[in-house]
K.L.:
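Pasting in a structure now, in structure tokens, and then I'll have a few things to ask.
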Amino acid sequence: MTQDRLLEGKVALVTGAGRGIGRDYALAFAAAGAKVVVNDLGGTTRGEGADRIPALEVAKEIEDVGGAAVVNFDSVSDFDAAQSMVDQAMSEFGRLDVVINNAGILRDVIFHRMTEDDWDSVIAVHLKGSFNVSRAAATVFRQQESGAFIHMTSTSGLIGNFGQANYAAAKLGIAGLSKSIALDMTRFNVRSNCISPFAWSRMIGTIPIGDEAQRERVEKLKTMTTAKIAPVAVALCSDRSAVTGQIFGVRNNEIFLMGQSRPLRSVHRAEGWTPETVLDHAIPAMSADFYPLDRSADVFSWDPI
């Protein structure tokens, strides 16, 4: 955790802060001087059940070293509950400066077996949850003309992965949400960025191991601790940063600036296109730049450093 008090006097709301990356965010923001609203429903990785102990333990860790924290046990998937989180920050601490949209669940299943509930549950927590909390905070940020959002995306959406259509769609949607917030709220001095983390966590621990290659990949993931992610978030939320609208990957000691969709190649016919000329001209002309069906592990193929 950072030793600099970059966030002295600020208040941060961290969702999913009871375990894993969220816990490290909460501890790091507190160490940097922020007061923290520790939100965690305490459900399983599938979003089932509830347990108040993780959030309480994180708040106690912060208080035991002289920091200030309050707990919140609501679900980010509930629009009114998200508003209550923001209201709690304002009533307890008098302000809100940072929102970390970290709460998430997994319902991994191959697409042709995915149920409506698998889809709806993941979209509700990741994408709708990020909207709910961001929208509630946006009113405060606009009024005070300052604020910073960090949203959690994933290479499952930015690049691709097997058996995660629900998660990938939500995480790519979050990248679009973050960029839209950055565009709409820059006039109010509000920043919005994404972090795509590589780290061993409780959710990653649910990855099924089907062969030796997957086993080796999981063992590599175990070397990447969640605490490596937090310093980037603290930096982006400090007053020393003017960065907005970006996507950063964090992998052990590496930080990546991730690409965003832009045109790669164009073709033109003055007379317009027919289906036949698309097949005979446009597709062959552009095919050298087509993306293969890569997964995250194909693109990040070297060992974490």
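Nothing fancy with the numbering, it's 1 onward along the sequence.
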K.L.:
Checking Lys10 against Asp239 for the salt bridge (charged side-chain N to carboxylate O under 4.0 Å, His left out) test, could you report, in this order, the C-alpha distance in whole Å, the side-chain angles of both residues, the deciding distance, and whether it holds?
P.N.:
CA-CA 10 Å; Lys10 295 189 180 296; Asp239 290 338; 3.1 Å; yes
K.L.:
Could you tell me whether the side chain of Cys194 reaches within less than 4.5 Å of the side chain of Met152, counting heavy atoms only?
P.N.:
no
K.L.:
Could you check whether any side-chain heavy atom of Val70 comes within less than 4.5 Å of a side-chain heavy atom of Val38, counting everything from C-beta outward?
P.N.:
no
K.L.:
To the nearest 0.5 Å, what is the distance between CG on Asn72 and OG on Ser84?
P.N.:
7.5 Å
K.L.:
Would you confirm whether Asn252, through its side chain, and Glu254, through its main-chain N or O, come within 3.5 Å as a donor-acceptor pair?
P.N.:
no
K.L.:
Do Val58 and Tyr25 belong together in a cluster built from hydrophobic side chains that touch within less than 4.5 Å?
P.N.:
yes
K.L.:
Is the shortest side-chain N to carboxylate O distance from Glu61 to Arg23 below 4.0 Å?
P.N.:
yes
K.L.:
Would you confirm whether Thr15, through its side chain, and Ala103, through its main-chain N or O, come within 3.5 Å as a donor-acceptor pair?
P.N.:
yes
K.L.:
For atom CG of Leu257, decide whether the heavy atoms of other residues, nucleotides or ligands shown that lie under 6.0 angstrom number more than 12.
P.N.:
yes
K.L.:
Between Val86 and Val125, is there shared hydrophobic-cluster membership here, with clusters defined by ILVMFWY side-chain heavy atoms closer than 4.5 Å?
P.N.:
yes
K.L.:
Supply the atom-to-atom distance Asp24 CG to Ile229 CD1, rounded to the nearest 0.5 angstrom.
P.N.:
9.0 Å
K.L.:
Without swapping roles, check the side chain of Thr274 against the backbone of Thr277 for a donor-acceptor pair under 3.5 Å.
P.N.:
yes
K.L.:
A side-chain contact here means heavy atoms from C-beta on lying under 4.5 Å apart; do Arg295 and Ile159 qualify?
P.N.:
no
K.L.:
Is a side-chain donor-acceptor pair under 3.5 Å present for Ser196 with Ser154?
P.N.:
no
K.L.:
Just wondering, do Val14 and Val37 contact through their side chains at under 4.5 Å, heavy atoms?
P.N.:
no
K.L.:
Decide if atom CZ of Phe300 counts as having more than 12 heavy atoms of other residues, nucleotides or ligands within a radius under 6.0 Å.
P.N.:
yes
K.L.:
Using modelled atom types and a 3.5 Å cut-off, is there a donor and acceptor pairing between side-chain atoms of Asn161 and backbone atoms of Gln164?
P.N.:
no
K.L.:
When you compare the side chain of Val133 with that of Met85, does any pair of heavy atoms fall below 4.5 Å?
P.N.:
yes
K.L.:
Tell me if the CZ atom of Arg135 is crowded by more than 12 foreign heavy atoms within 6.0 Å.
P.N.:
no
K.L.:
Please check this pair: side chain of Asp97 against backbone of Gly147, looking for a donor-acceptor N/O pair closer than 3.5 Å.
P.N.:
no
K.L.:
How many angstroms lie between NZ in Lys179 and CG in Asp184, if you round to the nearest 0.5 Å?
P.N.:
12.0 Å
K.L.:
Take a 6.0 Å sphere around CZ of Phe290 and say whether it holds more than 12 heavy atoms from other residues, nucleotides or ligands.
P.N.:
yes
K.L.:
Using a strict cut-off of less than 4.0 Å between a Lys/Arg side-chain nitrogen and an Asp/Glu carboxylate oxygen, indicate whether Arg107 and Asp117 qualify as a salt bridge.
P.N.:
yes
K.L.:
Hydrogens and angles aside, do Asn101 and Ser134 bring a side-chain donor and acceptor to less than 3.5 Å of each other?
P.N.:
yes
K.L.:
Is a donor on one side and an acceptor on the other found under 3.5 Å between the side chain of Lys228 and the backbone of Ala199?
P.N.:
no
K.L.:
Are Phe111 and Asn166 packed together at the side-chain level, in the sense that at least one heavy-atom pair is separated by less than 4.5 angstrom?
P.N.:
no
K.L.:
Any chance CG of Leu264 has more than 12 other-residue heavy atoms, nucleotides or ligands included, within less than 6.0 Å?
P.N.:
yes
K.L.:
Answer whether the closest heavy-atom distance between the side chains of Ile255 and Val232 falls below 4.5 Å.
P.N.:
yes
K.L.:
What do you reckon, are the aromatic ring centroids of Phe188 and Phe141 less than 6.0 Å apart?
P.N.:
no
K.L.:
To the nearest 0.5 Å, what is the distance between OG1 on Thr244 and CZ on Phe149?
P.N.:
10.0 Å
K.L.:
With a 4.5 Å cut-off on side-chain heavy atoms, are Phe29 and Lys35 touching?
P.N.:
no
K.L.:
Ignoring hydrogens and angles, tell me if any N or O in the side chain of Ser238 forms a donor-acceptor pair with the backbone of Ala235 under 3.5 Å.
P.N.:
yes
K.L.:
Counting N and O atoms only, with roles assigned by atom type, does the side chain of His126 sit under 3.5 Å from a partner on the main chain of Ile105, one being a donor and the other an acceptor?
P.N.:
yes
K.L.:
Check for a donor-acceptor pair, side chain of Asn189 on one end and backbone N or O of Ser146 on the other, with a separation under 3.5 Å.
P.N.:
no
K.L.:
Please check: side-chain N/O of Asn193 versus main-chain N/O of Gly245, any donor-acceptor pairing under 3.5 Å?
P.N.:
yes
K.L.:
Are Leu172 and Phe256 grouped together when hydrophobic residues (ILVMFWY) are joined by side-chain heavy atoms under 4.5 angstrom apart?
P.N.:
yes
